[in-house]
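The chain is numbered in sequence order, starting from 1. Just so you know, these numbers come straight off a predicted model, no measurement behind them.
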Amino acid sequence: MATISLCMIVKNEESVLDRCLASIADLMDEIIIVDTGSDDRTKEIAGHYTDKVYDFPWQDDFSAARNFSFSKATKEYIYTADADEVLDPENRGRFALLKQSLLPEIEIVQMKYITPDKYNTVMNIRNEYRPKLYKRLREFQWCDPVHETVRTQPVVFDSEIEILHLPVSDHSKRDFGVFLRAFGQGQPLSDKLHAMYAKELFIAGSNEDFLQAQPVFLQTLQQEDDRDAPSQDRIARALCILSRCMRIQQNTAGFLKYAMRAMAYHPCSEIGCELGAYFYEAGDYQEAVRWYRCAAEETAPVLHVRTGGDLALGRLGDCYEQLAAAGAGRTDTCLELSRRYRQAALAWKMPEEG
């Protein structure tokens, strides 16, 4: 049977930490809690489950805290959990079975991560595989019978364990702050973080969040002629963010500059919705219909899956209602289309898996 160290980083998690630990503690052989500056009962609650509670000064760097927690582990595998995660009885059973039967050559186990829509800030599917269990010490092996080489890719197992992510608040403001501080300190955002920042903005960002992010994504376009030019995906994300920023600022020339460029080279549902919103706000509902249909029926989302689904469909319902009120076309036809699109929006469901 595999032995497992639970490694967690926490701060002010008194409302959820006991719920989390109660659901997984008996499955672990060692529990390590790293506190990054709590001023509530978090450390007291952690102390009910383990005497391995450590303080680590917060450095605006989740990786630094995770690395510190891993350095304290002593078992064969390390399981990472956030305080707002829960294993229900069925998945506790799956985890126990995994622990009994885990093959030693497996180095990473992925588990399905499920977040309710209310607090989803980055996911475009209802559940996604995330690496959660890691072999603490890796054994390097040679492979291939000739021209042999050391295997560098880890052996990954996709389990059927489902982790319920049940936050009690939206963490996007915290994340936006970390992104901005890293940018302000001159740290380049990796492609992964660039994508996560853009996704989180479209899924959970306010107008203020978009405007604060504007310099980050403007820099992406300014680097387009550099020797190490940004990828096309990175440019597409920047155009989406900057189009929204220009619309918020009512900068028509800037909005059309970025939105038209995006539709010419990187067409996507997000820009279709931005153009639809622009014409809707201008009172040109017929033109708004064209762009919302483009979002829902002719393009695909790159940041927020709902821009190609219920968001575009619902706005089409609004457009046809406005056209009916204005007497543009046959009123009964417009009202029927409004009803159909609104029903379609209500019936739309986020994809289960990517």
Point to revise | E14 with K43: basic N within carboxylate O range, under 4.0 Å | key: no
Check your understanding: Are any of the side-chain nitrogens in K11 or D39 under 4.0 Å away from the carboxylate oxygens of its partner?
Key -> no
Point to revise | Test item: Q214 and L211 side chains (from C-beta on) under 4.5 Å apart, heavy atoms | key: yes
Without placing hydrogens or testing angles, list every side-chain donor-acceptor pair under 3.5 Å for residues 255-268, not counting sequence neighbours.
| unit_1 | atom_1 | unit_2 | atom_2 | d |
| --- | --- | --- | --- | --- |
| R261 | NH2 | E224 | OE1 | 2.5 |
| R261 | NH2 | E224 | OE2 | 2.7 |

Exercise for review: Flag yes if more than 12 heavy atoms outside Q153 fall under 6.0 Å of its CD atom; otherwise flag no.
Suggested key: no
Practice item. Give a yes or no on whether a salt bridge exists between R244 and E274, defined as a side-chain N under 4.0 angstrom from a carboxylate O. Key: yes
**Study point:** Salt bridge present between R181 and D60 (N-O < 4.0 angstrom)
**Key:** yes
Review point. Is R19 salt-bridged to D84, cutoff N-O under 4.0 Å?
Key: no
Check your understanding: Is any NZ, NE, NH1 or NH2 atom of the basic residue among D82 and R66 found under 4.0 Å from an Asp or Glu carboxylate oxygen of the other?
Key -> yes
Review point. How does the hydrophobic cluster around W142 look, that is, which other residues are in it when side-chain heavy atoms under 4.5 Å mark a link?
Key: F140, V150
Practice item. Answer yes or no: is there an ion pair linking E128 with K112, defined by an N-O contact shorter than 4.0 Å? Key: no
Practice item. Under 4.5 Å between side-chain heavy atoms, chaining through other members, with only Ile, Leu, Val, Met, Phe, Trp and Tyr counted: pull out the rest of the cluster around V146, sorted by chain and number. Key: none
Check your understanding: Is a side-chain N or O of E270 found less than 3.5 angstrom from the main chain of L303, in a donor-acceptor match?
Key -> yes
Review point. Does the distance from a Lys or Arg side-chain N to an Asp or Glu carboxylate O, for R247 and E281, drop under 4.0 Å?
Key: yes
Exercise for review: Show the numbers, then the answer: is there a side chain to side chain contact (heavy atoms under 4.5 Å, CB included) between C20 and M8?
Suggested key: CA-CA 11 Å; C20 172; M8 298 178 66; 3.9 Å; yes
Check your understanding: Quick one: are the ring centres of Y292 and Y280 less than 6.0 Å apart?
Key -> no
Exercise for review: Decide whether S38 and D35 meet the rule of one side-chain donor and one side-chain acceptor closer than 3.5 Å.
Suggested key: yes
Check your understanding: Between R151 and E107, is there a salt bridge with N-O shorter than 4.0 Å?
Key -> yes
Exercise for review: Decide if the gap between the ring center of F217 and the ring center of Y197 is smaller than 6.0 angstrom.
Suggested key: yes
Check your understanding: Within a strict 4.5 Å, meaning less than it, do heavy atoms of the I271 and C240 side chains meet?
Key -> yes
